[in-house]
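One structure below.
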Amino acid sequence: MLKYFSADYVLPISSPPIRNGVVAIDQDGVIKGVYNSDEAPIEAEVRKLSGVLVPGFINGHCHLELSYLKGHVPEKQGLVDFLLYVMRHRNPTAGEEEIEKAMKKADEMMYNNGIQAVGDHVNTALSANIKEKSKIQYHTFVEIIGLQEEVVGQKIDEAKEIEFYFDHLHSSITLHAPYSCSKSMLTAFKKSVSERNIISIHNQESEEENILFRYAKGDFIRFYKEIGVDISHFKPQARASLQYFLPYLPSTNRVILVHNTYTTVKDIDFALRTRRNVALCICPKANLYIEDTLPRLSVINHGADIIIGTDSLASNDTLDILEELKVLHRHYPELDFVKTMQWATLNGAKALGMGDQLGSLEVGKTPGLVLLKNMKQLHLTEDVKVERIV
């Protein structure tokens, strides 16, 4: 039996907004029709809602495993100290039970906040059971961290073993960041993955990362000293980190660059010239939490698809894409809501390899259905709330 929902606006994402539009959806969540107000079947019993109907959000970047660190990590201390804190507190005394409880709560939070799919980074298989039972579709990225030459093969094998526990259609291994992987690791990784392996790598979250690769100086030297890694062999690359590591990645694989807080126009131009399938994921609230700054959207919005992420509860007080959008619109009031909704839905679905089912209100898809309440026409304000309809 079909259910029909109408709202002040229906925002299909893949087509223009429909004033007083109607969405037909079946018991399995499959979209069966999207209509103008005068096109819906005459016999249809339409549930009328106040607000804007949109597809479920796509969270392009998260670390579910770090949910137990909510409220523990000091804010605005910079990336290096954030990383050191997380590394020192990664294994809480309460152990796996505490981690699993926090992950389950975070998963439920995301679903209730209208999130339909998540690109989630892991270092263990602890989240596999939660993801299997979740109402959310996950793509799991198993991170590889490898700075010592002698462990390159071992680290790749360990990541593949962890990946085995997750949905094989929606999982892949990925490099964590250019500062956490040696040149040998970059080279070996490229030879170790198939073309279907989506890559999601942290990129230029801090200016210290660029300083490291340009000059072999800066706060990351302290980072390596504190974790006991000798990088005396590392030579200045005389270029930003993105321009250093991107040529090492497979040329045909889909690549998600995460954060991009200190990415420049020159970096974006470089990435586009390589003709790689690149999406830029921004995590506004985490950027403010860690570095107290935001990506320059005039730079980021330069030809590549933008997607939205929340990062983890170690660097955020919630996992809510609507709240991320509010931050963006507060700091960049010239932004167009319809455009940023595409970043938060369809662009993310495509980046995670789920664009055929999620991210837009199109017949045959199962994108979820979310109501944005208290909207002022198609303008996002602080008063807007999210309600999951389907």
Side-chain angles (χ1 to χ4, degrees), residues 58-67 83 86 90 99 103 106-107 110 115-132 134 136-146 155-181 185-186 188-190 192-205 245-246 248-250 252-260 276-283 286 305 307-316 319 321 347-355 358:
I58 310 297
N59 184 353
H61 181 72
C62 190
H63 294 261
L64 198 63
E65 286 180 348
L66 298 182
S67 298
L83 292 169
V86 171
R90 181 114 195 155
I99 296 174
M103 287 192 294
D107 172 77
M110 285 193 283
I115 293 173
Q116 199 74 10
V118 179
D120 187 57
H121 282 229
V122 305
N123 299 97
T124 72
L126 280 176
S127 61
N129 186 51
I130 289 170
K131 289 172 180 174
E132 184 178 353
S134 177
I136 293 173
Q137 175 68 64
Y138 284 88
H139 184 99
T140 299
F141 296 101
V142 183
E143 289 184 342
I144 298 173
I145 297 174
K155 292 292 185 178
I156 292 175
D157 289 343
E158 288 175 355
K160 289 183 176 180
E161 289 175 7
I162 293 172
E163 185 190 10
F164 174 80
Y165 290 92
F166 297 96
D167 179 355
H168 73 282
L169 294 177
H170 295 292
S171 62
S172 53
I173 64 173
T174 191
L175 302 169
H176 167 260
Y179 56 77
S180 60
C181 294
M185 178 62 79
L186 293 173
F189 175 81
K190 185 175 183 178
S192 302
V193 296
S194 68
E195 290 186 358
R196 63 163 291 274
N197 188 95
I198 305 173
I199 300 166
S200 177
I201 183 168
H202 297 80
N203 174 61
Q204 295 171 306
E205 188 175 357
F245 76 80
L246 192 60
Y248 285 101
L249 299 184
T252 57
N253 292 54
R254 186 180 294 114
V255 178
I256 301 172
L257 302 174
V258 182
H259 291 301
N260 311 293
R276 283 172 166 79
N277 184 354
V278 171
L280 303 175
C281 183
I282 55 177
C283 306
D305 281 350
I307 70 175
I308 308 292
T310 62
D311 210 357
S312 73
L313 287 174
S315 59
N316 208 330
L319 303 177
I321 295 297
N347 284 6
K350 289 179 178 178
L352 295 177
M354 302 175 185
L358 306 180

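The heavy-atom pair separating Val255 from Leu249 by the smallest distance is CG1-CD1, 4.1 Å. The minimum heavy-atom distance linking His170 with Arg196 is given by the pair N-NH2, 4.4 Å. Taking every heavy atom of both residues into account, Leu169 and Asp167 meet most closely at N-OD1, 2.9 Å. Ser200 and Val258 make their closest contact through OG-CG2, 3.4 Å (heavy atoms, listed as atom of the first residue, atom of the second, distance). The heavy-atom pair separating Val278 from Leu257 by the smallest distance is CG1-CD1, 3.6 Å. Heavy atoms only, all atoms of each residue included: His259 and Ile282 are closest at O-CG2, 3.9 Å.
Ring geometry for His61 against His121 counts as perpendicular: the plane angle is over 60°, on a 0 to 90° scale with 30° as the lower cut. Aromatic ring pairs are classed by plane angle as parallel below 30°, tilted from 30° to 60° and perpendicular above 60°; the pair Phe141 and His139 is tilted.
The distance from atom CD of Glu65 to atom CD of Glu143, rounded to the nearest 0.5 Å, is 8.5 Å. Annotation: the span from Cys62 atom SG to Ile115 atom CD1 amounts to 7.5 Å, rounded to 0.5 Å. The structure places CG of Asn347 at 8.0 Å from CD1 of Ile307, a figure rounded to the nearest 0.5 Å. Atom CD1 of Ile58 is separated from atom CD of Gln137 by 9.5 Å, given to the nearest 0.5 angstrom. How far CD1 of Ile130 is from OH of Tyr138: 8.0 Å, rounded to the nearest 0.5 Å. To the nearest 0.5 angstrom, Ser127 atom OG is 3.5 Å from Phe166 atom CZ.
Side-chain atoms of Ser172 come within 3.5 Å of backbone atoms of Ile198 as a donor-acceptor pair (strictly under, hydrogens ignored). Under the 3.5 Å distance criterion, the side-chain polar atoms of Asn260 are matched with a main-chain donor or acceptor of Cys281. With hydrogens and angles disregarded, no donor-acceptor distance shorter than 3.5 Å links the side chain of Glu195 to the backbone of Thr252. Remark: side-chain polar atoms of Arg254 are paired, donor with acceptor, to backbone N or O of Lys350 under 3.5 angstrom. Of the possible donor and acceptor atoms, one in the side chain of His202 sits under 3.5 Å from a partner among the backbone N and O of His176. Proximity of a side-chain donor or acceptor of Asn253 to a complementary backbone N or O of Ser194 within less than 3.5 Å is detected. Looking only at distances, a side-chain donor or acceptor of Asp120 sits under 3.5 Å from a matching main-chain atom of Leu64.
Every residue two or more places apart in sequence or in another chain that forms a side-chain contact (heavy atoms from CB on, under 4.5 Å) with Lys190 is listed here: Pro250.
Side chains of Asn59 and Thr310: a donor on one and an acceptor on the other come within 3.5 Å. Glu163 and Thr140 share no side-chain donor-acceptor pair at under 3.5 Å. Inspection of the Asp311 and Ser315 side chains reveals an N or O donor paired with an N or O acceptor under 3.5 Å.
At most 12 non-hydrogen atoms from other residues, nucleotides or ligands lie less than 6.0 angstrom from OH of Tyr165.
For the pair Ser192/Lys160, a side-chain contact is recorded, criterion being any heavy-atom separation below 4.5 Å from C-beta on.
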Exercise. Between Leu175 and Phe245, is a side chain to side chain contact (heavy atoms under 4.5 Å, CB included) present by the stated rule, with each step listed?
Worked result: CA-CA 11 Å; Leu175 302 169; Phe245 76 80; over 6 Å; no
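Taking 4.0 Å as the cut-off between side-chain N and carboxylate O, Lys131 and Asp107 do not count as a salt-bridged pair.
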